[in-house]
Amino acid sequence: MAAAVAARSLGKLKQQNVALFVCDLQERFRPVITGFPSVVDTARRMIRGASVLGLPVITTEQYPKALGSTVQELKDVLPADSPIVAKTLFSMLTPEVRELLKQKPAVSQVLLCGIEAHVCVLQTTLDLIESGFEVHILVDGTSSQRLHDRAIGLHRATQSGAFLVSSEMALFQLMENAKADRFKEISKLVQVRAAAAGSGSAGGSSRAWQLHCTYCLVPHGQPSRHNSCCSTR
């Protein structure tokens, strides 16, 4: 029992316990969300990784009648049996999603990406933690329109017990061992990400995104400009 509690508090991801949540990455948000191409790139990579590892993927759309459907880049890689749930709640934890989770009793940890960090991502995080799930927010796959909202949304989530992770961190933690089955497939996903960052591809913003502070996206080396909520001051 003590070992289980310790493992949970450390936030060690285990393949058999993880689901991926993709929150509201829809066409209408494309021109207004900071770093949207990089967020989509991360979500796409995580969906592909989840497919390799056999992790369940749940995607939501916020009021799609007005805000459009999930972006095509993600539809292209979503597993055929992966549900896309329409919602008006800000939280992803709608009655339909709760029912989907009941059908997967092994799931106790959620990898979460999407938008916006301070609204739907935060409220999803709080509802999941309240319901007994461990939440790991993919910081390279989460954003808002305004940087200060993204910053305080992530900070607020950690105050309630969420873990902040990068996509590469999460994928390698799930693998655990370079000799693990399908490690080469996961490694290739990470290598594609690194190549894109180095070339400035993925909408021309990936490298700039990665060189900024996790919380407020101020370039590293400019500590006087970091937001007051930023842990790197």
Gln145 vs Glu116 side-chain heavy atoms within contact, under 4.5 Å
yes
Measure the shortest side-chain to side-chain distance between Thr59 and Val85 over non-hydrogen atoms and say whether it is less than 4.5 angstrom.
no
Between Lys75 and Ser69, a side-chain donor and acceptor under 3.5 Å:
yes
Between Val18 and Leu111, is any pair of side-chain heavy atoms under 4.5 Å apart?
yes
Is it the case that the side chain of Lys104 and the backbone of Ala106 share a donor-acceptor pair, with hydrogens and angles ignored and the cut-off at 3.5 Å?
no
Is it the case that the side chain of Thr124 and the backbone of Met92 share a donor-acceptor pair, with hydrogens and angles ignored and the cut-off at 3.5 Å?
yes
Could you tell me the separation between the CG atom of Leu122 and the CD atom of Gln159, rounded to the nearest 0.5 Å?
10.0 Å
Can you confirm whether the side chains of Gln173 and Lys12 place a donor and an acceptor under 3.5 Å from each other?
no
Give a yes or no on whether a salt bridge exists between Glu73 and Arg30, defined as a side-chain N under 4.0 angstrom from a carboxylate O.
yes
Do any N or O atoms from the side chain of Arg182 and from the backbone of Leu53 form a donor-acceptor pair under 3.5 angstrom?
no
Should we count CZ of Arg44 as having more than 12 external heavy atoms under 6.0 Å?
yes
Would you check if there is a donor-acceptor pair between the side chains of Ser51 and Arg48 at a distance under 3.5 Å?
no
Looking at side-chain heavy atoms only, is the closest gap between Asp140 and Ser38 below 4.5 Å?
no
Ignoring hydrogens and geometry, is there a side-chain-to-backbone donor-acceptor pair from Thr34 to Leu147 under 3.5 Å?
no
Is the shortest side-chain heavy-atom distance between Ser160 and Glu130 below 4.5 Å?
no
For residues Phe29 and Val71, determine if any side-chain heavy atom of one lies less than 4.5 Å from a side-chain heavy atom of the other.
no
Nearest 0.5 Å, what's the OG1-NE2 distance between Thr125 and His136?
11.0 Å
Would a single hydrophobic cluster contain both Phe90 and Leu112, if residues Ile, Leu, Val, Met, Phe, Trp and Tyr are joined by side-chain heavy-atom contacts under 4.5 Å?
no
Residues Ile47, Val22; criterion side-chain contact (heavy atoms from CB on, under 4.5 Å); working and verdict:
CA-CA 9 Å; Ile47 291 169; Val22 181; 4.2 Å; yes
Distance (rounded to the nearest 0.5 Å) between Ser167 OG and Met46 CE
6.5 Å
Rounded distance [0.5 Å steps], CZ in Phe21 versus SG in Cys113:
11.0 Å
Does any non-hydrogen side-chain atom of Phe133 lie less than 4.5 Å from one of Leu101?
yes
Can any side-chain N or O of Gln26 pair as donor or acceptor with the backbone N or O of Gly68 at less than 3.5 Å?
yes
Got a donor-acceptor contact below 3.5 angstrom from the Ser131 side chain to the Asp127 backbone?
yes
Checking the side chain of Thr158 only, and the main-chain atoms of His155 only, is there a donor and an acceptor separated by less than 3.5 Å?
yes
Does either side chain, that of Gln72 or that of Asp76, offer a donor lying less than 3.5 Å from an acceptor on the other one?
yes
May I ask you to decide if Thr70's main-chain N or O and Glu27's side chain share a donor-acceptor pair within less than 3.5 Å?
no
Is it the case that the side chains of Thr60 and Asp24 hold a donor-acceptor pair, with the cut-off being a distance below 3.5 Å and no angle test?
yes
Using modelled atom types and a 3.5 Å cut-off, is there a donor and acceptor pairing between side-chain atoms of Gln62 and backbone atoms of Thr88?
yes
Looking at side-chain heavy atoms only, is the closest gap between Ile58 and Leu20 below 4.5 Å?
no
Counting N and O atoms only, with roles assigned by atom type, does the side chain of Ser91 sit under 3.5 Å from a partner on the main chain of Leu93, one being a donor and the other an acceptor?
yes
